[in-house]
Amino acid sequence: MTTICYLAHCLLNANSKVDEGARCSGVWSPVVGMLRERGAVIRQMPCPELAFGGTRRFWAVREQYDTRAFRARIWRITAPLAAQIRADLEQGDRVVIVGIDGSPTMGVELTASSDDWGGRPDKPLDEDYPVRPGAGLFTEILLVMLAQDAPRIRVVGVGQDLLDYDEAREMAKLREVVADAR
């Protein structure tokens with residue numbers, strides 16, 4: 001049985017993050033290295049923010065993205081992904097979805113969220129970044145599409161977008177989820 005890990009786009013291409021949002025200039029090596037060591041197949045999920053706003057977008061919260069047009073875009077780019085995940089499950093593979101906690105779209109347990117943010121934020125990138133419990137828009141929609149298969153899918157968020165990001169803690173959490181998927 002193969003473990004297939006679907007990674008948030010920015011874990012394999014940090015350059016897709018908003019300006020100054022990347023922790024490195026390319027692949028997030030700790031995650032990729034650990035998954036390779038465990039023999040996992042790595043697949044990249046699309047980035048809804050990059051597809052919608054391009055590389056010159058500013059950081060935003062869930063409420064800024066939560067529009068009819070953005071949700072329609074997510075449904076379009078998520079449908080083929082959900083079909084691929086279902087095909088993997090039908091093959092008997094184990095599936096792990098790895099999102100980015102703190103992301104307005106790819107968050108799993110935590111998402112950037114604020115009722116009073118609008119337009120370009122007037123705060124520096126890491127000052128007062130509002131994070132609340134809950135999934136990001138992409139994760140929420142993907143899990144709705146996969147609701148029937150949810151019991152067979154492991155979902156984990158790497159807190160790379162959180163101000164208190166602790167690489168050792170996040171890697172231990174991911175290691176545990178991938179081990180449980182075996």
Side-chain angles (χ1 to χ4, degrees), residues 2-62 65 70 73-74 77-78 80-82 84-85 88 93-113 125-126 129 131 134-143 145-146 153-182:
T2 303
T3 298
I4 300 176
C5 295
Y6 285 85
L7 271 57
H9 187 96
C10 58
L11 289 171
L12 295 171
N13 178 13
N15 300 311
S16 65
K17 285 188 160 293
V18 297
D19 189 32
E20 299 178 13
R23 292 192 180 269
C24 67
S25 60
V27 171
W28 191 244
S29 299
V31 168
V32 173
M34 186 273 295
L35 294 176
R36 281 185 165 170
E37 288 171 10
R38 283 159 177 70
V41 171
I42 299 170
R43 295 201 174 130
Q44 186 174 28
M45 294 189 288
C47 175
E49 295 172 43
L50 178 64
F52 194 77
T55 57
R56 301 189 72 193
R57 68 194 185 280
F58 54 81
W59 57 101
V61 293
R62 180 186 161 110
Y65 282 117
F70 192 72
R73 166 78 77 157
I74 291 175
I77 66 175
T78 305
L81 174 64
Q84 180 62 54
I85 290 170
D88 292 335
D93 295 324
R94 294 179 184 99
V95 172
V96 177
I97 296 171
V98 183
I100 299 290
D101 274 339
S103 165
T105 59
M106 300 300 286
V108 173
E109 295 177 29
L110 299 167
T111 187
S113 177
L125 190 57
D126 26 334
Y129 191 62
V131 177
L137 289 168
F138 180 92
T139 304
E140 177 184 285
I141 290 170
L142 178 60
L143 294 178
M145 287 183 164
L146 294 168
I153 300 170
R154 295 298 312 263
V155 185
V156 62
V158 174
Q160 200 180 48
D161 282 1
L162 303 175
L163 295 178
D164 66 345
Y165 176 72
D166 178 331
E167 185 174 315
R169 178 188 68 217
E170 296 300 312
M171 290 303 298
K173 178 172 67 172
L174 181 58
R175 230 180 259 107
E176 183 180 322
V177 170
V178 172
D180 285 350
R182 288 183 169 223

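Taking CZ from Arg38 and CG from Leu174, the interatomic distance works out to 8.5 Å, rounded to the nearest 0.5 Å. We find the CG-CG distance between Leu81 and Leu146 to be 7.5 Å, quoted to the nearest 0.5 Å. Separation of atoms CG (Leu7) and CE (Met45) is listed at 7.0 Å; rounding is to 0.5 Å. Atom OG1 of Thr78 is separated from atom CE of Met145 by 5.5 Å, given to the nearest 0.5 angstrom. With rounding to the nearest 0.5 Å, the separation of CG in Leu50 from CG in Asn13 is 7.5 Å. Rounding to the nearest 0.5 Å places CZ of Phe138 at 8.5 Å from CD1 of Ile97.
The closest side-chain heavy-atom distance from Cys10 to Glu49 is not below 4.5 Å. Within the 4.5 Å cutoff, the side chain of Pro48 has no heavy atoms near those of the Leu137 side chain. Side chains of Val156 and Val108 form no contact here, defined as non-hydrogen atoms less than 4.5 Å apart. The shortest side-chain heavy-atom distance between Leu12 and Val32 falls under the 4.5 Å cut-off.
Applying the side-chain contact (heavy atoms from CB on, under 4.5 Å) criterion to Val131, with sequence neighbours excluded, gives Leu110, Tyr129, Leu162. Under the side-chain contact (heavy atoms from CB on, under 4.5 Å) criterion, Ser113 pairs with Glu63, Thr111, Arg132, sequence neighbours left out. Taking the side-chain contact (heavy atoms from CB on, under 4.5 Å) definition, one finds that Arg43 meets it with Ile4, Tyr6, Val41, Gln84, Asp88, sequence neighbours left out. With sequence neighbours left out, Glu109 forms a side-chain contact (heavy atoms from CB on, under 4.5 Å) with Asp101. Partners of Arg62 under the side chain to side chain donor-acceptor pair (under 3.5 Å) rule, at least two apart in sequence or in another chain, are Glu140. Residues satisfying the ring-ring contact (aromatic ring centres under 6.0 Å, His included) test with Phe70, not counting sequence neighbours, are Phe52, Tyr65.
Listed here is the closest heavy atom pair of Ile77 and Pro80: O-CD, 3.7 Å. Heavy atoms only, all atoms of each residue included: Pro104 and Ala60 are closest at CG-O, 3.5 Å.
Within a 6.0 Å sphere centred on CZ of Arg36, other residues, nucleotides and ligands contribute 12 heavy atoms or fewer.
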**Message:** Assess the residue pair Lys173 and Glu176 against the criterion (salt bridge (charged side-chain N to carboxylate O under 4.0 Å, His left out)); give the C-alpha distance rounded to whole Å, side-chain angles, the decisive distance to 0.1 Å, and a yes or no.
**Reply:** CA-CA 5 Å; Lys173 178 172 67 172; Glu176 183 180 322; over 6 Å; no
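A donor-acceptor pair under 3.5 Å is formed between the side chain of Thr139 and the backbone N or O of Met106.
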